[in-house]
Peer 1: 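There's a structure below that I have some questions on.
So you know, we letter chains A, B, ... as the sequences are listed, proteins then strands, and number each from 1. Small disclaimer: the values here were computed from a predicted structure and weren't measured.
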Number of protein chains: 4
Amino acid sequence: MALAFRLDASSGVPTYRQLADQVRRALLLGYLQDGDQLPPVRDVATALVVNPNTVAKAYRDLERAGLVKPRAGQGTFVTGSVGPVPAATYTQLSASLRRWVRSARGAGLDGEQVRALVAAVLDDEQVGGAVA
Amino acid sequence: MALAFRLDASSGVPTYRQLADQVRRALLLGYLQDGDQLPPVRDVATALVVNPNTVAKAYRDLERAGLVKPRAGQGTFVTGSVGPVPAATYTQLSASLRRWVRSARGAGLDGEQVRALVAAVLDDEQVGGAVA
Amino acid sequence: MALAFRLDASSGVPTYRQLADQVRRALLLGYLQDGDQLPPVRDVATALVVNPNTVAKAYRDLERAGLVKPRAGQGTFVTGSVGPVPAATYTQLSASLRRWVRSARGAGLDGEQVRALVAAVLDDEQVGGAVA
Amino acid sequence: MALAFRLDASSGVPTYRQLADQVRRALLLGYLQDGDQLPPVRDVATALVVNPNTVAKAYRDLERAGLVKPRAGQGTFVTGSVGPVPAATYTQLSASLRRWVRSARGAGLDGEQVRALVAAVLDDEQVGGAVA
DNA sequence: GTGGTCTAGACCACC
DNA sequence: GTGGTCTAGACCACG
């Protein structure tokens with residue numbers, strides 16, 4: 001599976017930004033690597049029921065950031081990977097975070113509260129980064 | 001200190017939404033409780049260098065959600081708490097999440113990567129909620 | 001006069017690029033300086049009989065390049081000047097170039113030939129730079 | 001060497017147009033004359049790492065402009081010269097322009113600034129012509 | 001009234 | 001069939 005975009009219309013974040021952020025995230029985590037192809041604009045647009053221009057805008061932003069490069073008639077390709085997390089580290093950290101999430105839900109917190117707690121802790125721990 | 005609003009202009013999220021979300025977050029985590037007063041619109045506006053209309057809009061949205069109530073000439077007050085997390089649970093969960101964050105940083109992840117991992121796991125664990 | 005945009009529809013260069021390049025040029029030559037306001041998107045659009053989105057796209061590109069910054073509800077402003085040419089130098093160089101152009105036309109060259117000669121010499125003299 | 005094509009991918013000008021324009025320029029300056037052969041489409045395509053269709057399109061455009069004529073199985077040939085500049089005039093003008101360029105660089109202008117100044121003056125002097 | 005986002009749809013450049 | 005450009009026009013965020 002090339003990349004599964006997800007949109008949250010109620011988040012207030014512009015669609016094109018959600019898309020671009022998800023690609024950035026995939027790069028940061030090593031899901032996407034140098035040379036990989038992004039799904040064609042039209043495919044994403046029809047899959048998400050979104051205007052092709054909106055997807056194109058996201059891709060264009062990524063291009064301006066130097067992360068991908070369009071090749072006319074061929075598609076859009078990742079141009080540089082951004083210090084991906086080693087697989088083992090990634091597996092271990094995501095597993096332990098998953099456990100934490102489940103314990104939180106087990107303690108009775110709903111989705112909103114989990115996100116609120118996470119946001120509060122990340123802010124407090126000075127975890128910067130625009131990709132939220 | 002009543003509430004320390006933080007704005008991230010680069011996040012793409014509208015200002016008024018960031019403010020409202022932070023109040024929601026404070027309610028969810030029990031920072032704000034029934035009867036507490038929100039900081040005056042003007043104070044927030046000058047502190048954040050933001051148009052008072054923008055702050056007012058955030059408060060209005062919260063009012064429409066039934067979370068706060070303006071009292072003419074007195075200010076805006078929290079009207080209902082939203083299932084706050086019991087203090088003990090909250091303390092424990094946030095402590096363990098803090099440990100997780102530190103282990104992630106210890107493993108070499110930078111802020112962006114931590115946020116990316118968190119976002120990926122939360123999405124994957126179907127943790128809904130509009131407060132991101 | 002704030003800035004006189006000129007479009008050459010027959011050049012093959014996309015409109016939004018012509019606009020962005022002309023702003024870049026104005027910055028390079030010191031016509032525009034830090035803090036100056038670009039003409040509003042709508043004004044440019046109506047003046048050039050062009051779609052506002054096209055102008056917005058040009059401004060957006062300039063923003064991504066860090067040259068201008070939009071302030072919601074106020075306009076778009078220049079954020080950094082790019083080593084402008086000292087006025088005296090500029091005056092002298094442009095005067096002598098003007099003389100050259102006139103001597104070329106006096107020798108019977110038409111506009112196309114002048115441009116061709118200029119392009120050939122600039123290429124040959126290794127004058128880089130994307131703003132043509 | 002018949003003709004050294006140069007492409008600037010970052011210029012925003014379509015590839016086929018850059019090629020055709022360079023041939024036009026060569027004609028205007030007398031580099032190419034009646035009867036000269038253009039380099040074969042395949043050679044240009046492989047040399048520039050460009051699709052042969054793109055080169056063919058450039059040649060076709062030149063043909064439609066009456067500047068070149070394909071001879072089946074032999075190649076594409078220049079059919080008419082376009083008022084070439086007398087050699088002496090050309091030599092003198094290009095030498096003086098070269099001096100100007102060097103004085104500009106000597107005054108501290110970089111490539112971009114030189115091009116910006118040239119473009120500004122040509123525009124101002126009403127030097128038309130689509131070949132930029 | 002400023003810029004920003006999104007949609008709908010046409011047409012072009014390139015492979 | 002890929003991405004790119006442009007138009008037309010609606011609606012939102014912000015001051």
Peer 1: Could you say whether D:Val13 or A:Val13 is positioned toward the 5' end of DNA chain E, judged by the nucleotide with the nearest heavy atom to each?
Peer 2: A:Val13

Peer 1: In terms of the nearest nucleotide of DNA chain F, which residue is placed more toward the 5' end: C:Arg42 or A:Gln74?
Peer 2: A:Gln74

Peer 1: C:Asp21 CG to F:dT5 P: how many Å, rounded?
Peer 2: 12 Å

Peer 1: State which of F:dG3, E:dC6, E:dT2 makes the closest approach to the side chain of A:Thr15.
Peer 2: E:dC6

Peer 1: For C:Arg115, is there an ion pair with D:Asp123 - N to carboxylate O distance below 4.0 angstrom?
Peer 2: yes

Peer 1: Do C:Arg71 and E:dG3 have a side chain to base donor-acceptor pair shorter than 3.5 Å?
Peer 2: no

Peer 1: Closest to the B:Pro14 side chain: E:dC6, F:dC14, F:dC6?
Peer 2: F:dC14

Peer 1: Between A:Asp61 and C:Arg60, does at least one N-O distance fall below 4.0 Å, as a salt bridge requires?
Peer 2: yes

Peer 1: So, do B:Leu117 and A:Leu29 sit near enough that their side-chain heavy atoms are less than 4.5 Å apart?
Peer 2: yes

Peer 1: For DNA chain E, just give me the dot-bracket, please: Watson-Crick or G-U, both distances below 3.5 Å, ( ) intra-strand, [ ] crossing earlier pairs, | paired with another strand, . unpaired.
Peer 2: ||||||||||||||.

Peer 1: Quick check: do A:Leu48 and A:Leu19 have side-chain heavy atoms less than 4.5 Å from each other?
Peer 2: yes

Peer 1: Whole-Å distance between E:dG4 P and A:Arg17 CZ?
Peer 2: 13 Å

Peer 1: Between F:dG3 atom P and A:Leu38 atom CG, what is the distance in whole Å?
Peer 2: 9 Å

Peer 1: Quick check: does any side chain N or O of A:Glu63 sit under 3.5 Å from a backbone N or O of A:Thr76, one acting as donor and the other as acceptor?
Peer 2: no

Peer 1: Any side-chain heavy-atom pair from D:Leu27 and D:Leu67 closer than 4.5 angstrom?
Peer 2: yes

Peer 1: Is there a side-chain contact between D:Val50 and D:Tyr16, using heavy atoms and a 4.5 Å cut-off?
Peer 2: no

Peer 1: What are the residues of residues 45-66 of chain B, sorted by number, that bring a heavy atom to within less than 4.0 Å of DNA chain E?
Peer 2: none

Peer 1: Supply the atom-to-atom distance A:Asp43 CG to A:Leu38 CG, rounded to the nearest 0.5 angstrom.
Peer 2: 11.5 Å

Peer 1: Does the side chain of C:Tyr16 get closer than 4.0 angstrom to OP1 or OP2 of F:dT5 through an N or O atom?
Peer 2: yes

Peer 1: So, does A:Asp36 use its side chain to make a donor-acceptor pair with the main chain of A:Gln33 at under 3.5 Å?
Peer 2: yes

